[in-house]
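Naming: A, B, ... by sequence-line order, numbering from 1 per chain. Just so it is clear, the values below take in all heavy atoms, side chains as well, and ignore hydrogens, waters and symmetry mates.
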Amino acid sequence: MFKNNFIIAWRNLAKQKMYSIIKIVGLALGIAACLLIALFIKDELGYDLHFKNGDRIYRVILRINDGDHIWQISTFPAPVVSAIKSEFPEIEEVGRMTGLVYFGAGSNDIRRTDKPDNIFEEGFVYTSQGLLDIFQPQMIYGNLDHALDGPETMIISKRKADKFFPGENPVGKTMILNNDRKRIYTISGVMEDPPRHSHFQYDFLMTLSEGLYPGEETNWNSQSSTVYTLLHPGIDVASLETKFKKLAKKNAASLIGKSEGPEADDLIAKITYRLQPISDIYLKSEGISDEFQHGDIRFVWLFGMIAIFIFIIACINFINLSTAKSSKRAMEVGLRKTVGASQKSLINQFLAESILLSFLSFSLGVVLVMFLLPYFNILSVKELVFPWNEWWLLPLLACAATFTGILAGLYPSFYISSFEPIAVLKGSIKRGCKNASLRNGLVIFQFSISIILITSTLVINNQVAYILNKKLGFDKDEVLLIQGTKSLGDQVTSFKNELLKLPDVKNVTVSDYLPVSEMKRNSCGFWNEGKQEVDEAYSAQLWGIDHDYIKTMGMNIVEGRDFSPEIAGDAEGCIINKTMARQLNLENPLDQTICTSFASWHVIGVVEDFHFESLKENIGGMCLTLGKSPDIVSVKIHTKNMSRTVASITHVWKTIAPYQQIRYSFLDERYTMMYDDVQRMGYIFNMFAMLAIIIACLGLFALSSFIIAQRTKEIGIRKVLGASVLNITFNLSKNFLTLVALANIIACPIAYFFMNRWLQDFAYRIHVRSWMFIVSGGIVILIALLTIGLQTIRAATANPIESLKYE
Amino acid sequence: MIKTEDLKKVYTTEEVETTALNNVNFEVRHGEFVSIMGPSGCGKSTLLNLIGLLDNPSDGRYYFLDHEVSRYSERQRANLRKHNIGFVFQSFNLIDELTVFENIELPLLYQKVSSSERKKRVTEVMEQMQIMHRKNHFPQQLSGGQQQRVAVGRAVVGSPRLILADEPTGNLDSSHGEEVMKMLLDLNEAGTTIIMVTHSPTYAEYGHRVVHLFDGHIVTENLNGKFHV
């Protein structure tokens, strides 16, 4: 019987090829989307599960409840470590780390002391021995105990050991940072590479045995360290958190500089502590600013909901397609019942059919995932792999396929198998149930979502185009940035002069203040001279540049002049931007004097406003002065052959800094990178829009085949009475297009609202224009017409006697 | 008015060829009332479909109002059809979603008759069919006889020269059947040509002539002696 069911199911699928394919492909798309999201969620939830005592490791968070806002602070003064250790016997171990760039964490040029070549590396962090004892990384060389107890010791990861000491045991060898004789580290161990699913992604763990600086271990006034604790087994975390309150006084003192008085008491009252499980750090650190990469648990929920949603809609479309074509099966049901089939056996038969379909859809869905995964990885910035080698994969997929088959097949099976044999055989069965409002609603809903997503994609893409083509007040093209030039020391000037001799080099400037974000910044309070006591300080940037900066960046002097090496007084001169002049109320800014708390300058020129931060922000005040800030050399190039020019620049670099690799990037690339997230969002919307429109079309297809099946007789009558194909096509399409038009009416205000709000993030932005709605509405109507077109025309051209024969 | 020469209709499925009509030669003149009889599957409905220009013959010639129409396209046939032929079916074939008035009005819509003219003619027909009081009702609210009267009304509203009736009384009890037959007779007397397929010898007698079909052939033609040219 079972086999018989599947044979009949297979024959039915083969008979209605087009419908079977549409059903399978539609469901497969939904399943593929759900599988991708499931992989994403599984990955997000898989962070920091590898720690040996992971269930007992907590990060210490200080919370200040300010009534309407809770501030969460994750950095503490160094002495808090010993305080925690002595105060709380519940805690087995305390450790700390700090990634402060100021003290040399982050990135450095590093080399073996016995080799001359410096290599730029990232992933430096200061780590205490206590933290090592808590995390217990797997060691390849060296002993974990006391590895970082000694001064100037360092643990490196396996990949870096392989890079710097291929085939050797590096323990006991020394490395030097930034050619700084004071920063020579002895390698005390090699650890396994940090797992990808770890929030703690560092390759160079430098010791904290003597603190960041002499006296740090007793200095309560600097919030330098992230603190981790390992609890004894069986400790109640909540009660331990309340006991931490003992530390509030000292922490308050470190935050506001005093531990007595009403202000301190007020703060102490607001302080509470939280011990955050290590496995929560990656996903649940909303509102805590730290140096780690984070996911967001809200996105996990959001994507999870989207997946369920897609799945339900895919199933409903599947159900609609099944019931729409039920009349084709009605006769079969009637006959089977007449010869003695029970409803139960018929239900089984139809369920077998939908389970078979579901298995086919799952197979296709998995194939789709294989194809889409590389693109999805680019969008989600992840390295997801399909878990082929997991034992649970196939059983899980099989269960899911069976479940989906039953879920999607249950209603159609009951519906079709309930036909009364006499009614069916007499031919008086209605083709499909009358009530189409659910189907209508679903189609409107699906199309609304599609229109919203398409409009959003248009808005985002336009904003990106606007950003990339906006006149910025400087010329970002063909500017090469050579980084790490601080190590050249005084040679940077001769490097600059050598570069200027190259034929393709137009200008060169030395300054690491650059008009793209994540570069050096320096904010100061400014006054007009003599107004320090009267006016509020105006906060603006104070950048140190050289004589060629404005030329190289292609900035525009609107008043006065550029710095000149011939005029000695320019060392006390400054160039301000128009915003600065306006904000300081300087009507004739030239020769006026402006000052900060530590120096004053006379204005020699005014530069046109240029965007030095993301377009999300308004242009702020800017004061350019002559100064040394030599970590980046910017080269303005004009060439047809960029690689040749870069090669000759590299050659110049080699002659000046033979032991340091050249590190360069392009200004326009850095600029584009600032908006990577915006562009990625555009891609994601694009993808979802395509998915939504496909699913919506399936829904419309189901609805139109249902309606057409229901109206076959009517179409026949109309044709007999003389209706032309055009009449009928128009008559049928009208209803579906009404639905799409309704979807437009619903979607436009929603899309307008959300996109307008999204654009508010940008100080410089496009406007949501009506053509965007017209285009997205037009696209959707066109796609809808194509979807229903084939069926409609087929119904309209069918010979009317075919449809009237049924009666 | 109608003349067929060697009319043939073959239905082809994947493997089987079924000859529904074979070399049918048949003529109907203006003002005639012809009944077609025959057992199930003899080709009555096929013949009616061909005469009604709903389908094209596989072979042979068909003259409709002196045009050879057997190779006409669907569009050409539709054009001839809507101006010249009215249909009455056994199962009425009214559109459930339209009212009595709208159902009768439908052919006029496709003939592009103006709105006021439509209203006038539909009202006339409804009066003639005595269903004026049911004007705004939907088909399900009517009795079978009333539904068939609407169907007849719809068939005549465009003033066709030919009415094709496919077992018009098949779904009706005898009193309602009688009623519909009377109506057809009246129309015939007013000059409309009528071709009717029926199973009932009694109703067949209403025609001037009875044509018997068997296995796709015309076997006999009886003149009822009522026909005067």
Whether over 12 other heavy atoms sit under 6.0 Å from B:Arg71 CZ: yes
Are there residues of residues 156-170 of chain B that reach to under 4.5 Å of chain A by heavy atoms, and which ones? none
I'd like to know if the side chain of B:Arg81 and the backbone of A:Lys719 have a donor-acceptor N/O pair within less than 3.5 Å. yes
With sequence neighbours excluded, residues passing side-chain contact (heavy atoms from CB on, under 4.5 Å) with A:Ser322: A:Lys23, A:Phe318, A:Pro412
If you count heavy atoms of other groups shown closer than 6.0 angstrom to CG of A:Leu726, is the number above 12? no
So, applying side-chain contact (heavy atoms from CB on, under 4.5 Å) with A:Leu721, which one of B:Ile95, B:Leu108, B:Leu106, B:Leu109 is it? B:Leu106
Among residues 112-126 of chain B, which ones touch chain A with a heavy-atom distance under 4.5 Å? none
Could you work out, with ring-ring contact (aromatic ring centres under 6.0 Å, His included) as the rule, every residue matching B:Tyr62, not counting sequence neighbours? none
For chain A, which candidate among B:Gln111, B:Arg154, B:His83 shows the most heavy-atom pairs at distances under 4.5 Å? B:Arg154
Nearest 0.5 angstrom please: B:Asp96 CG to A:Arg711 CZ, how far? 12.0 Å
Using non-hydrogen atoms and a 4.5 Å limit, figure out which bit of A:Arg718 sits close to chain B: side chain, backbone, both or neither. both
Can you tell me how far the CD1 atom of A:Ile717 sits from the CZ atom of B:Phe92, to the nearest 0.5 Å? 12.0 Å
Under 4.5 Å between any side-chain heavy atoms of A:Glu714 and B:Leu98, yes or no? no
